[in-house]
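Each chain gets a letter, A, B and so on, in the order the sequences are listed, and its residues count up from 1. Note that the coordinates shown come from a computational prediction; the quantities given were computed from them, not determined experimentally.
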Amino acid sequence: MSELRDLHRQIAGLLEIGRVDQARRLGGRALGLDPNDADTLCLLGAIEIEADNFSEATRRAREALARAPDHAGARSLLFEALRGEKSHAEAEAVILGLIRDNPRDADHLADYAALLLDVYQLDKARAIVAEALRCSPDHPKAQVLDALLHVIAGDDASASARLGRMVAADPDAGHVAMTAMVVLSERHQYKEALEIARELLRANPSEPELVDAVIELRVASHWSMVPLWPFQRGGWVGSAVMWVAAVFGISALRPVVGDVVAMTLVVLYLALVVYSWTGPPLLRRWLRWRGL
Amino acid sequence: MKKTRAELERALAEDPFDHAAREAYAHALEDDGETPAALRQWELVCRQRPDSSVGFLGAARCHEALGAEERAASCLAEAQGKRDFPRESPTEGARPALQVLAGGGGPGRSSEVVTLRKAAVRFCDVVGLAELKKTIELRIIAPFVRPGLFARFGKKAGGGVLLYGPPGCGKTMIARAIASECKASFTSVGISEILNLWLGESERNLAAVFDRARQQRPAVLFFDELDALAFSRSKARSDHTRTLVNEFLDQLDGVAHDNQGVLILAATNMPWDVDPAMKRPGRFDRQVFVPPPDDVARAEMFRLKLATVPTATIDLLKVARATPHFSGADVDGVIEAAKERVLAEVLDGAPERPIRESDLIASVSQIQPSTLDWLRTARNLVKYGGDGSYGEVEKYLKAVKML
């Protein structure tokens, strides 16, 4: 039995350092020692989650639950696997069961909030995150979710405050850097966000999402985007304001400045509009091809 | 031709009494650090071939590695009673570079690791990589072999060197060659020798390895898969990983320890997973990229690996050019596929014939170069990450038109 526990520890250690293949090999050995051990099945499921093989992880979690129906680890694993499979309703049923059994468990609350964020139930997610932070004020996942929810709500000040607390607690942690990148980007501090994104990419160069984030932030902070500042800064509201200002401004100016100048302003405005459609995609393609 | 573990497993599934395959499989398990599994295989060999010393010697080595000294001694005594027992070196052979001596610590673990044999690979055994070998000669070997000359120019021997690059491209072999060229004792440390999830044991194992190397200077200490031993603390979820990295840094730092005369080599496929603090001056500050073999080196590999196989006239350079980015392991794969192709034809009733160039070229499409994933990941790093420390990778990617 102690051999099995040793194997479990080794598998957990290998998973931590991302050695999925080696962990899988040891998992096979652990399964050979006791095919009915729920902990082993859970670890095998965790290995599959690490490899993004969610259907196999779900199967492992169900196998574990068939042998130990109240196994908390297996239930958490099933939730994670179902969430990965995007079976949101089933995942919600599992996490609600876990919260019912442990209403003050911040891990479960944060997991539920993440699920609610996946399905854009933002108000409910906000309430659950608040509860998770009440139970465990320094919970890393709950803090990340809190910052993200503030960003989504457009509450930059609260997001920055949350970020400040996270940085003070663990400045080197990857999740803190990721949150900082999102918050800074939402505050239109693209250059700073780009530096963090590149730092994250250096640590995780195989992540395509980070490559996309770096390119997007480089596009946003590129000098050629300066003319598009109102669109970037104001989004669709900025575009609407620019349109109204252009139409009414040029109409109002026409009697004063003459037709030639008015026509030049119209052409300039139209050129800006065309550039706003074509410039960023072209720059994006260029940067993807050429690099930063 | 050495078979892979998967091939040996298949062979054993087909014929469980294939002694040669079982012995080779047990050796492979030992090489991979899976000592308990290797022990089970050696015990099977003992049962299947009770009149041979081979199984008992293997079992003795495994028991020894697992700290079961009494059982090791009894297996060795059993082996000595057999007629084919090699009289000159009972437990030494192509076996682990390390022996675990009895000591304290957690269950099934001991605290000291010592070398059993010296490295025998020379630089001339490493195919290709001429530029890299020159760089290593100048930056690593010469300061070690001629410390006086380098001391006059203010350069010291020893320190840390990190070899990184795609898998299967000879990092470990180069490390062994460096050790032989430096004429130093060589200690190879794999993750299984260090990593132990009992609290504090990994740190003790690591300290023991360093202490032993310091006692044996001039010494080369080689850490394979450094990313596993010095995993980036910002990505780590447990304190265990963080404390191990702290201990590693402490051992490297030379404030409390004198590492003069100890060359610390490490290899990794994932340099980005290594804690950044490990790469700072005084630690693994010299980082050497080991690229996939070039066309000439691959042609030479094909020549060497096909030397014992019946072949027709083959333009090896043409075959090498058809296998861009292939590592040494991939070249093995191409040759194996070509052999299977010829054997399948022969078994279908065709007359026996040697391997032709067309067999090799046709087999190339069956093998995906294992270095490609690594090179694509490294390209992200160079192209978008803006990390200047991967200049050699950038040069290589430009040379092979991947950038």
Audit row: B:D227, A:R19, side chain to side chain contact (heavy atoms under 4.5 Å, CB included) steps and yes/no = CA-CA 10 Å; B:D227 53 292; A:R19 301 288 168 129; 2.3 Å; yes
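Every residue meeting the ring-ring contact (aromatic ring centres under 6.0 Å, His included) condition with B:Y390, not counting sequence neighbours, appears here in chain and number order: B:Y164.
For residues 188-206 of chain A, heavy-atom neighbours of chain B at less than 4.5 Å comprise A:R198, A:L201, A:R202, A:A203, A:N204, A:P205, A:S206, sorted by residue number. Contact residues of residues 21-31 of chain A toward chain B are A:Q22, A:R25, A:R29 (heavy-atom distance under 4.5 Å).
With hydrogens and angles ignored, the 3.5 Å screen pairs a side-chain donor or acceptor of B:K383 with a backbone N or O of A:R288.
Within 6.0 Å of CZ in B:R5 there are more than 12 heavy atoms belonging to other residues, nucleotides or ligands.
The two residues B:Y384 and A:V214 have their closest heavy-atom pair at O-CG1, 3.8 Å.
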For residues 393-403 of chain B, which side-chain N or O atoms pair as donor and acceptor with protein atoms under 3.5 Å away, sequence neighbours left out?
{"from": "B:E394", "atom 1": "OE2", "to": "B:K398", "atom 2": "NZ", "distance (Å)": "3.3"}

